[in-house]
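Some notes on the structure that comes next.
Chain letters run A, B, ... following the sequence lines, proteins first, then strands; residues in each count from 1. If you're wondering where the values come from, they're calculated on a predicted model, not measured in any experiment.
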Amino acid sequence: MTELKTAWKNIVAGALEAYARERGVEAGPDLVSAIVIERPPKAELGDLGFPMFPFAKLLRSAPAQVAAALASKIAADPAAGARGQARAEGPYLNVSLARPGICGATIAAATSPGWGSFGFLAGKKVMIEFSSPNTNKPLHLGHLRNNALGESISRILSAAGAEVRKVNHINDRGVHICKSMLAYQRYGEGRLPADEGLKSDHFVGKYYVMFNKLKEEDPRAEEAAQGLLRRWEAGESEVIELWKRMNGWAIEGIKATYERTDVCFDLYDFESDTYELGRAEVLKGLAAGVFYKEEDGSIWVDLEDAGLDKKVLLRKDGTSLYITQDIGTAIFRHGDWPYDRLIYVVANEQQYHFKVLFEVLKRLGFEWAAELHHLAYGLVNLPSGRMKTREGTVVDADDLMDEISALAAKEIEEKGREGAVGDMAGVAEKIALGALHYYLLQTGPMKDMLYDTEASLSFTGDTGPYIQYMGARASSILRKHEAGEGNAVKGRVRFELLCGDADWNLVKRIAEFPETLEASAKAMEPSLLAGYLHDLAVDFSAWYRDNPVLNNSDADLSASRVELVRAVRATLQAGTRLVCMPFLESM
RNA sequence: GCGCCCGUAGCUCAGCUGGAUAGAGCGACGGACUUCGAAUCCGUAGGUCGCAGGUUCGAUUCCUGUCGGACGCACCA
């Protein structure tokens, strides 16, 4: 489709230049660069549309006249004729593509193994950091959005040909970790997660919440937490022992949630291993004159000429800060695995932090700093407002999955499909994941989104399960065909039979998959693909109603449509995977 | 105060580099299951695209201002 578009752009450019010569106007490069391709609002108007407004002034003729003139020029060009037909539609030049060739090529491509893998990012190494949980509590809905974005973008970029390395930066040190440790020391009495019947990360999270109780009982609890951190930094074996034990629980539980939601990482790095990496780099930068030292010994960078502020990079006592760690980690990672691009999937509250970080790395002279990217995303809010740990309004990831999964199971039961589905719990889980991930990815990342339990747990309409359902329907047709049902087995595939408007519309949609994937990869925007999948599902659903596949009296048409269904299924299969939705043969 | 993001139908959201009557879903109302799965489909109602200027042949899209909301401006992470 992309090649077709550029081919047509060239044809239009040629005709435009010829027309300009006739009018005695010089066709400069800006004339050709003003050509835009759009999709006509109605299928009857053609497949491609070229608005002629920009040329009216230059060519000193009305847009409609230009369109008519170009249409007749193109009609006289046999090379163009092989690719389709152009006609004037008021001020627009609309093109109807030559259908048979495109049908054959599209369906052949879509039913071949490589569908959904492209090469325009081949040779690029992309590192992506996402999730990055704290080890003091379990994952919540906000993490699920982060995970879905990170995992989806990783899949999209690999599908685009890049070599992707997914990194999870575990925040396993700091006062907040010490708080849960302190509360456990006080109230835990040596119990294990199993003793309380809790998933291990929930067990740790419970003690983190209990720190609030501790604070009420002991006004010096905050100080005690700071003290515990100092003892941790001093490496006291008793503290380290407890820290290891509790982190182990937290991470074990968090990993179980990753597995359940089909998210995985190539590399885990731990803040406890990397938090001191940046200090040496800052000192190097000081020596190089990029940074400066205050009288009290703290080290700063002045970014005011870049529209940012001054920023401390090293405390007066020489210890590192959040940003120091990030400086060190980025440099270390590039040395370890020289990436072409590093993407941080982190909430948009931290946009300023990343601006500063990237600017600092640029000033340190790293040419790769230009390829650092903060993928910022908005919060997930509740109708009652922001989720708050203290108020207990945090939507826990595991609980949410349980809830959606139970609802899906109920739905299967109500529809009486337990038998057809087989593994009911497994299928319910996949539907839940499809619903959740589609919900989280259909919205553009920058927008805060509202999570309304009642409204959001729906399986009808513009939802993940709707798309999964269309996949299941397509699969069902193909299953029946494989089993020898229907007329297709007696027919011969002839792609020219799929040139009617209804089939063509669906073929065209399938042909858009590669360009959607490319746009999605370039913009790092899963929502484009999510929207595309919904469009495809809608087109398929309408087509499905009006166009018999297996029980078509024309055996050749039947056989050809089976191939079209195969292409739809392949596209849904490849596409849903990219937005982290399980594909279901049956549901 | 400065910075950044958002503001489209009652609600939740789409709307690609500016382009042909602004799209879905939910909710409301009315239809369609003896044919490939009704988690579906079709139809009706519902919008001064926050507001005001500007650029342009043309602005929901770009610019400026303004109002409203969120977030950020720690020797916390």
Would you classify A/Arg386 as touching base, sugar-phosphate or nothing, given that sugar-phosphate means primed atoms plus P, OP1 and OP2, and contacts are heavy atoms under 4.0 Å?
-> sugar-phosphate

Side chains of A/Glu515 and A/Tyr532, donor plus acceptor under 3.5 Å = no

Out of B/G19, B/G37, B/C36, which has the shortest distance to the side chain of A/Tyr469?
-> B/G37

So what does A/Lys42 touch, heavy atoms closer than 4.0 Å: a base, only the sugar-phosphate, or nothing?
-> base

Donor-acceptor pair under 3.5 Å, A/Asp309 side chain vs B/A74 base = no

Take the protein atom CD of A/Gln351 and the nucleotide atom C1' of B/A70, then report the distance between them rounded to whole Å.
-> 12 Å

Sticking with atom C1', work out how far B/C67 lies from B/A74, rounded to a whole angstrom.
-> 31 Å

Aromatic ring proximity, centroids under 6.0 angstrom, A/Tyr92 and A/Phe53 | yes

Phosphate contact (B/A38 OP1 or OP2) by A/Arg473 side-chain N/O below 4.0 Å = yes

Nearest atoms (heavy-atom pairs only) where A/Asp172 meets A/Thr135 | CA-OG1, 3.4 Å

Atom pairs, protein N/O to nucleotides 10-13 of chain B N/O, distance under 3.5 Å:
{"from": "B/C13", "atom 1": "OP1", "to": "A/Leu450", "atom 2": "N", "distance (Å)": "2.9"}

At under 4.0 Å between heavy atoms, what does A/Leu321 touch on the DNA or RNA strands: base, sugar-phosphate, or nothing?
-> sugar-phosphate

Figure out the CZ/P separation between A/Phe291 and B/C75, and round it to whole Å.
-> 16 Å

Which part of the nucleic acid, if any, lies within contact of A/Leu379, taking any heavy atom under 4.0 Å across all strands shown: a base, the sugar-phosphate backbone alone, or nothing?
-> nothing

How would you label the contact of A/Ala376 with the nucleic acid (heavy atoms, under 4.0 Å): base, sugar-phosphate, or nothing?
-> nothing

Look at the side chain of A/Lys355 and decide which nucleotide, out of B/C4, B/C42, B/C75, has an atom nearest to it.
-> B/C4

Picking from B/A20, B/U40, B/A39, the nucleotide nearest the side-chain atoms of A/Ser541 would be B/U40

Pair A/His169-A/Asp269, side-chain donor/acceptor within less than 3.5 Å = yes

Looking at the side chain of A/Glu89, which of B/C57, B/A20, B/C36 is the nearest nucleotide?
-> B/A20

Paired with B/C62: which nucleotide, if any, by Watson-Crick or G-U wobble criteria at under 3.5 Å for both distances?
-> B/G54

For nucleotides B/G1 and B/G68, find the distance between their P atoms and express it as a whole number of Å.
-> 11 Å

In whole Å, what separates the P atom of B/C33 from that of B/A38?
-> 12 Å

What's the CG-C1' distance between A/Asn551 and B/C36, to the nearest Å?
-> 5 Å

Pairwise C1' distance, B/G31 and B/G47 [rounded to whole Å] = 26 Å

Member of A/Lys179, A/Glu223, A/Glu233, A/Met181 meeting the side-chain contact (heavy atoms from CB on, under 4.5 Å) criterion with A/Leu228 | A/Met181

Expected output: side-chain A/Arg479 to main-chain A/Glu585 donor-acceptor under 3.5 Å | yes

Looking just at side-chain N and O atoms, do A/Asp326 and A/His353 make a donor-acceptor pair shorter than 3.5 Å?
-> yes

With heavy atoms under 4.0 Å as the rule, sort A/Leu58 into base, sugar-phosphate or nothing.
-> nothing

Separation of atom CH2 in A/Trp543 from atom P in B/G37, rounded to whole Å = 13 Å

Just by modelled atom types, is the A/Val204 backbone N or O under 3.5 Å from a matching donor or acceptor in the A/Ser180 side chain?
-> no

Would you please confirm or rule out a distance under 4.0 Å between OP1 or OP2 of B/C57 and any side-chain N or O of A/Lys57?
-> yes

d(CG, A/Asn348; P, B/C6) in whole Å = 10 Å

Who pairs with B/C13 - Watson-Crick or G-U, where each distance is under 3.5 Å = B/G23

A/Tyr352 has an atom OH; how far is it from atom C1' of B/C76, in whole Å?
-> 16 Å

What nucleic acid atoms does A/Ser527 come within less than 4.0 Å of, heavy atoms only: base, sugar-phosphate, or nothing?
-> nothing

A/Ile177 atom CD1 is separated from B/C76 atom C1', nearest whole Å, by 13 Å

B/G30 and B/A14, which share atom name C1', separated by this distance in whole Å | 27 Å

Under 4.0 Å between a side-chain N/O of A/Arg315 and OP1 or OP2 of B/C76, yes or no?
-> yes

G-U wobble or Watson-Crick pairing nucleotide for B/C76 (cut-off 3.5 Å, both distances) | none

Which part of the nucleic acid, if any, lies within contact of A/Glu485, taking any heavy atom under 4.0 Å across all strands shown: a base, the sugar-phosphate backbone alone, or nothing?
-> nothing

Say whether A/Glu429 and A/Ser405, considering side chains only, have a donor N or O and an acceptor N or O under 3.5 Å apart.
-> yes

Touch class at under 4.0 angstrom, heavy-atom based, for A/Met587 against every strand present | base

Look at all strands and tell whether A/Asn136 reaches a base, only sugar-phosphate, or nothing, counting heavy atoms closer than 4.0 Å.
-> nothing

Are OP1 or OP2 of B/A77 and a side-chain N or O of A/Tyr322 less than 4.0 angstrom apart?
-> no

pair_partner(B/G43), Watson-Crick or wobble, both distances < 3.5 Å, evaluates to B/C29

How is A/Pro54 classified with respect to the nucleic acid when contacts are heavy atoms under 4.0 Å: base, sugar-phosphate, or nothing?
-> base

Could you verify whether a donor N or O on one side chain and an acceptor N or O on the other, from A/Asn505 and A/Trp543, lie under 3.5 Å apart?
-> no

Would you find more than 12 non-hydrogen atoms of other residues, nucleotides or ligands less than 6.0 Å from A/Lys508 atom NZ?
-> yes

When rounded to the nearest Å, what value does the distance between C1' atoms of B/A45 and B/C29 take?
-> 8 Å

Do you see a donor-acceptor pair shorter than 3.5 Å between the side chains of A/Tyr208 and A/Asn134?
-> no

Hey, what are the protein-to-nucleotides 22-33 of chain B N/O distances that come in under 3.5 Å?
{"from": "B/G25", "atom 1": "O2'", "to": "A/Asp462", "atom 2": "N", "distance (Å)": "3.4"}

Does a donor on one side chain and an acceptor on the other come within less than 3.5 Å for A/Asp47 and A/Ser96?
-> no

Please work out if A/Ile431 contacts a base, only the sugar-phosphate, or nothing of the nucleic acid, heavy-atom cut-off 4.0 Å.
-> base

Mind checking A/Lys316 for me? I need base, sugar-phosphate or nothing, with any heavy atom below 4.0 Å counting as a touch.
-> base

Let me know, please, whether A/Leu45 or A/Val427 comes out on the 5' side of the other along RNA chain B by nearest nucleotide.
-> A/Leu45

Donor + acceptor pair across side chains of A/Asn146, A/Tyr377 (<3.5 Å) | yes

Complementary nucleotide for B/C4 - Watson-Crick or wobble, under 3.5 Å | none

For A/Pro445 and for A/Val175, locate the closest nucleotide of RNA chain B by heavy-atom distance; then report the residue assigned to the nucleotide nearer the 5' terminus.
-> A/Pro445

Counting just side-chain N and O atoms, does A/Tyr92 come under 4.0 Å of either OP1 or OP2 of B/G58?
-> no

Looking for any heavy atom pair under 4.0 Å, which part of the strands does A/Pro40 touch: base, sugar-phosphate only, or nothing?
-> base

With the side chain defined as heavy atoms from C-beta on, A/Tyr466 is closest, among B/C41, B/G37, B/A39, to B/C41

Interatomic distance, A/Lys137 NZ vs B/A77 C1' [rounded to whole Å] | 11 Å

